[in-house]
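First the structure, in the form of structure tokens, and then the observations on it.
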Amino acid sequence: MEHRKKFLAVAAILLITFSTAWSVDYLTEGVDSSRTGWLKDDKSFSLTNVAGMKLLWKVHLDSKPHEMTNLFPPLIADSVDTPAGKREVAIFAGASDDLFGLDAKTGQTLWHINFKSPNPTGGRPAATLCPGGQTAVPAMLKTGPGSYKVYAVSWDGQLHTINPADGTDADPVEKFMPPNGKPYALNIFKNVIYTSTAQGCGGLINGIYSYNLETHVTSLFLPSGGGLWGRRGTPVSPEGVVYMGTGDGLWDAENGRLGNGIVAAQIDGKGELKLTDYFSPPNAAFLFKRDLDVNTTPVAFEYQGKKLLVGTSKECRVWLLDRDNFGGDDHRTDLADTGLICNDEPNYAGTGVWGALSVWKDATGTPWIAVPFNGPVSKRFHAPKEFSRPVNGGVAAFKVEERNGKWALTPQWLSVDIDMADEALIANGVMFVYGSGEDTRQSHVDRAWNETPEPQPPVPAAGPVSAQSTMRIAGGRHAVLLALDATTGKQLWTSGNQITGWSHFSGISAANGKVYLPTYDGNVYAFGVAK
């Protein structure tokens, strides 16, 4: 009897440990406020079990695309008290101002709402870069056991607070920002919501927005540069400093123009966002001339007592920066850079880094950086382990190293070829990365007046869209999801041809043994490991 009691006690401990390892939330794009892409508390994935990943479910959601944009990667609330009991709920946003709550285990739709925003008029007309509709991945807060709030911005600039249990309004709708802009993924830090806008959509001046949930006051910081493009939105450091890359603008700090650099801002005692620091690479004029914008979300992290930040651009070079001495005395000096990883030509459209950087730490506490990129790897870039010399795209991994006060971003491995590698998530030594499979062309073949015109693809069934979107929609291929060993780059699993659609301006999410990927055609794929 005593042996049986001991056995049951051990079994109970194992069950609790197992359940805890599979119970995490994914509440914001990029995992955390710093946008690291590192699921450091999720132990549901391992180097062994991802080899057996299967398609758990595939569902189609009634979300209508705007230009090339449709569904965004979900947020995951692990244990929501719904009218039907406890559920793991996945929250999907759609460009047509839709929000869906799905049972994450089965793909069943629990609720679906549409914000019914009036179509704003004025400003830059809808096109590939300005699709209109809901463009910001929402953010979520856990407010108590089984209780959460989802924050989303609709096309008209209103901030919606939704109960993920049933899709009802948890708080009254509030005015956040002007309509018809292009806000990027929302971030929440100490009851303040942050986002950024880009490309002058809706006639908006590009800037960083904050909204205080306690005072209901919005603040706006305008860097007088170009678009603040980062896919994962604005990262916020543990000190409350907001960072963002700027593109499509000149670097002329003396006259307040901060294009093609990285700006830092923080809310002051009056609740207003103010510039605190800035950095621009030495070749900012070249980046502006060749349209190689700083177009990605920087990532904030710490190592050996140093507050660090990494950023990159379409040029395909990563900079390591000291957050306490941002760019040095001249604001243009980094701690280290990688050199060119791709984009030898250089090409402003189909190559470079377009998705997101990720940062994680190995068992020794050493930071690693994942750099997904589009197009051929640079002839000048080499890594100790290379599984290919990518042509369509891939991932390069680096270690952050410091020796005798000198910093380095040291290449570690180069992945297999990935068709338009976009962003990565890291969990328990496993790196999930996906290739979007999209057609990235932004121009037509240049032909003389007396040559046969370039054939035009038919207008998509979704309805008339801009000429560029029409061309690229017709040229889309299919997305692919891969699992790699994060420290060696070895491929552990691939979805192969299971995903039939491609993806644009979207991403992946992962939690509790499942990885989610939405595609332009309105389908959602959930792949998972066996428990």
Side-chain angles (χ1 to χ4, degrees), residues 30 34-35 124 129-130 135-136 177 181-185 187 194-210 219-237 241-266 273-300 309-323 326-328 330-334 337 343 346 348-349 352-357 505:
S34 296
R35 301 316 206 207
R124 187 171 175 178
L129 299 182
C130 294
T135 58
M177 58 195 307
K182 189 183 182 182
Y184 286 67
N187 199 350
Y194 296 91
T195 188
S196 63
T197 58
Q199 290 147 339
C201 299
L204 274 64
I205 299 175
N206 305 313
I208 299 174
Y209 290 77
S210 70
S219 181
L220 170 62
F221 167 62
L222 303 173
S224 298
L228 289 86
W229 283 14
R231 179 81 57 78
R232 286 176 171 168
T234 54
V236 186
S237 75
V241 180
V242 185
Y243 297 90
M244 201 53 170
T246 62
D248 279 340
L250 283 171
W251 178 264
D252 184 9
E254 292 183 356
N255 292 300
R257 302 182 69 179
L258 303 176
N260 281 290
I262 299 176
V263 295
Q266 190 168 17
L273 273 172
K274 297 291 186 181
L275 178 70
T276 60
D277 219 333
Y278 51 87
F279 161 80
S280 180
N283 63 341
F286 170 77
L287 299 184
F288 176 63
K289 182 179 180 180
R290 301 302 293 268
D291 198 16
L292 301 172
D293 309 292
V294 182
N295 64 329
T296 58
T297 296
V299 184
L309 188 90
V310 287
T312 186
S313 72
K314 289 190 282 184
E315 186 196 21
C316 209
R317 179 194 311 270
V318 176
W319 313 289
L320 178 68
L321 303 171
D322 181 348
R323 300 204 309 266
F326 209 45
D330 62 356
H331 296 277
R332 310 198 72 171
T333 305
D334 56 36
D337 76 61
N343 210 359
Y348 75 93
V353 181
W354 284 79
L357 302 174
F505 194 54

Drop me the distance from [X]'s [atom1] to [Y]'s [atom2], to the nearest 0.5 angstrom.
| X | Y | atom1 | atom2 | result |
| --- | --- | --- | --- | --- |
| L220 | L273 | CG | CG | 8.0 Å |
| T197 | M244 | OG1 | CE | 9.5 Å |
| Q266 | Y243 | CD | OH | 8.0 Å |
| L258 | L222 | CG | CG | 11.0 Å |

Task: Flag side-chain contact, heavy atom, 4.5 Å: M177 against T195 - done: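 When only atoms from C-beta onward are counted, T195 and M177 do touch, with a gap below 4.5 Å.
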Task: Student check: side-chain heavy atoms of L321 and V310 closer than 4.5 Å - done: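 They are not in contact (no side-chain heavy atoms under 4.5 Å apart), so the answer is no.
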Who pairs with [X] by side-chain hydrogen bond (donor to acceptor under 3.5 Å, both in side chains), at least two apart in sequence or on another chain?
| X | value |
| --- | --- |
| R232 | S358, E423 |
| S219 | none |
| T333 | D330 |

Got a sec, which residues hit salt bridge (Lys or Arg N to Asp or Glu O under 4.0 Å) with [X], two or more places apart in sequence or on another chain?
| X | value |
| --- | --- |
| D337 | R317 |
| R332 | none |
| D322 | K306 |

Main-chain N/O of [Y] paired to [X] side chain as donor or acceptor, under 3.5 Å:
| X | Y | result |
| --- | --- | --- |
| T246 | G261 | yes |
| T234 | V242 | no |
| K182 | L129 | yes |
| N206 | G200 | yes |
| T276 | A264 | yes |
| S237 | V241 | yes |

Task: Check against side chain to side chain contact (heavy atoms under 4.5 Å, CB included), D277 and R323 - done: CA-CA 9 Å; D277 219 333; R323 300 204 309 266; over 6 Å; no
Distance-minimising heavy-atom pair for [X] and [Y]:
| X | Y | value |
| --- | --- | --- |
| G181 | L204 | CA-CD2, 4.0 Å |
| S313 | V294 | CB-CA, 3.6 Å |
| L292 | E315 | CB-N, 4.0 Å |
| W354 | Y348 | CZ2-O, 3.3 Å |
| S34 | P235 | O-CB, 3.6 Å |
| P298 | I262 | CG-CG2, 4.1 Å |

Partner set under ring-ring contact (aromatic ring centres under 6.0 Å, His included) for [X], not counting sequence neighbours:
| X | value |
| --- | --- |
| Y278 | W251, H331 |
| Y184 | F505 |
| F279 | W319 |

Open item on the list: Tell me every residue that passes side chain to side chain contact (heavy atoms under 4.5 Å, CB included) with F288, counting only those two or more places apart in sequence or in another chain.
Closed with: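 Here the qualifying residues are L250, N260.
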TODO: Under the side chain to side chain contact (heavy atoms under 4.5 Å, CB included) rule, collect the residues that match up with A136, sequence neighbours excluded.
DONE: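 Counting only residues at least two positions away or on another chain, A136 forms a side chain to side chain contact (heavy atoms under 4.5 Å, CB included) with P183, L186.
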- [ ] For residues 287-298, pull every pair meeting side-chain hydrogen bond (donor to acceptor under 3.5 Å, both in side chains), keeping only residues two or more places apart or in separate chains.
- [x]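 Listed once each, the pairs are D293-K314.
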